[in-house]
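No experiment lies behind these values; they were computed from the predicted model shown. Naming: A, B, ... by sequence-line order, numbering from 1 per chain. For the numbers below, each heavy atom of this structure counts, side chains included, while hydrogens, waters and symmetry mates do not.
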Amino acid sequence: MSPRIPDTHAEAWALLPWLASGRIPANDREWVEGHVGSCAECRAELASQRMVANQMYGQMYGNSTSPESAATDEQRSFNKLWARIDASESASLPASGARVAVSRSSRTVRWLAAAVIIQGFGLALFGFNALRNSAPAGEIVTVADVPTQRLNAPAVRVVFAPEASIGTINTLLANQGLTIVSGPGTAGNFTAALSADAVASGASADSVAAVISKDPNVSFAQPVAR
Amino acid sequence: MALKSVETQVPRAIGPSPDASERELLERIARSKDQAAFRTLYSSYYQRLSRLLARMSVRREDIEEVINDTFWVVWTKAGEFRGASQLSTWIIGIAYRRALNALRRAKIRPVSDEPFDEDSISVASTDDAETDGQWLALGLSRLPVEQRMALELTYTLGHSCEEVAAILDCPVNTVKTRLFRARETLKQVLPALAGMSGENS
């Protein structure tokens, strides 16, 4: 089949963006380049489109966040999606297969079953470590040491998933401007207060609880009424 | 205000990610619900989609939801992809439609209504590229989202005209028209860009 040679200014003009980006089809490239070679208006337009393409490409890829931060965001986002998939597939299993399903994939169900046992011990240890780590070296902070203004700050009540690591939880708390001020309670719950900076930036107990309750590392979160 | 001189060569080899390897990942997802394949595919699109959605004016807090809704579809419908188009056009097309829904829900009008103010561009910077970027960002903010996306898909993601049409779910001629109008609007905002065409015609 012989190539189509329209040789019209309007058609070449319409294809200039893809000549600029290098994605013009091979069967169009030759005649469009031929036209541009003889048309000053199209040459100028091509130059301007290449400038726009360069600028847009630079804006899209030049001001990105740090690779470490981007990787953390991506992993956190994927964890949420995977928890959603996991929960959905567990819920869709037939009742007769439920026992098998629990052992195979329903981490959520197993979390709930184990929570009473694990959270009492594991989160008590975490609470101790979290409070200790926020203190100056060599000091152990108790709830009584937490400044009064922090105790009066907007706060959320939270239960972490048993499989969540301390590092993950610390990152989660730091990202939301939260600090643990009490816990663990009898149900393995902690109370975490919002920092003054987080409040100043518009965060509230309601908004933060809504955000972290969707995190797979959190089993439960709700604002504390003040 | 003067825009810096233009490059006369195609600046880089851009284009969608390799389709064959991504299709293999999709087949593994469809065949055996392979989580590793799904994670790899997710990773190859996460940054691309994050940036594209930000350029669509999708709110920061909605971007993750749009991406995850998109990959929810990829996970559940992987076996239904028949390969009539590039895999990237399928995935980005889903994200585009989800993003439009997010914009509607948030009642965001993704076009600036503010009167154009030339003084809003900083002249303090001696960096031509930075100043050019400010002008262009302002120009892009004046475009309807459909025109802006046609430009982004063409120039920053490197899709062909046919691929852009598939993503935006419109005829090829509509893509050309949108780009034509976008270019005309940008010329009204970017005086040097207009001059560049005019001075040689």
CD (A:E33) with more than 12 external heavy atoms under 6.0 Å: yes

Taking the side chain as C-beta and beyond, is there a heavy-atom pair between B:L136 and A:M51 under 4.5 Å? no

Parallel, tilted or perpendicular: which fits the ring planes of A:F78 and B:F38, with parallel below 30° and perpendicular above 60°? tilted

Taking only Lys NZ, Arg NE, NH1 and NH2, and the carboxylate oxygens of Asp or Glu, determine whether A:E74 and B:R39 approach each other closer than 4.0 Å. yes

Contacting moiety of B:T76, where chain A heavy atoms sit under 4.5 Å: neither

Pair A:D73-B:E64, side-chain contact (heavy atoms from CB on, under 4.5 Å): steps then yes or no: CA-CA 9 Å; A:D73 288 348; B:E64 178 182 280; over 6 Å; no

Side chain to side chain contact (heavy atoms under 4.5 Å, CB included), paired with A:W82, selected from B:W75, B:F71, B:Y42: B:W75

Give a yes or no on this: more than 12 heavy atoms of other residues, nucleotides or ligands lie within 6.0 Å of atom NZ of A:K214. no

Nearest 0.5 Å, please: how far is CZ in A:R23 from CD in B:E163? 4.5 Å

Rounded to the nearest 0.5 angstrom, the OG-CD1 distance for A:S77 and B:I63 is 10.5 Å

Short N-O contact, B:K187 and A:E45, less than 4.0 angstrom: yes

Is there a side-chain contact between B:R183 and A:W13, using heavy atoms and a 4.5 Å cut-off? yes

Taking the side chain as every heavy atom from C-beta outward, state whether B:D69 and A:R84 have any atom pair closer than 4.5 Å. yes

Honestly, the part of B:Q35 sitting under 4.5 Å from a heavy atom of chain A is both

Side chain, backbone, both or neither: which part of B:I67 has an atom under 4.5 Å from a heavy atom of chain A? neither

Are A:W18 and B:V175 side-chain neighbours, meaning at least one heavy-atom pair lies under 4.5 Å? yes

pair A:M56-B:L140: side-chain heavy atoms closer than 4.5 Å: yes

Which bit of B:E65 is near chain A, if near means a heavy-atom gap under 4.5 Å: side chain, backbone, both or neither? neither

Hey, are the side chains of B:Y155 and A:Q55 touching, using non-hydrogen atoms and a 4.5 Å cut-off? no

Which atom of A:L81 lies closest to which atom of B:N68, heavy atoms considered: CD1-O, 3.5 Å

Contact part of A:R43 toward chain B, heavy-atom cut-off under 4.5 Å: side chain, backbone, both or neither? neither

What is the distance from atom CG of A:D28 to atom SG of B:C161, rounded to the nearest 0.5 Å? 9.5 Å

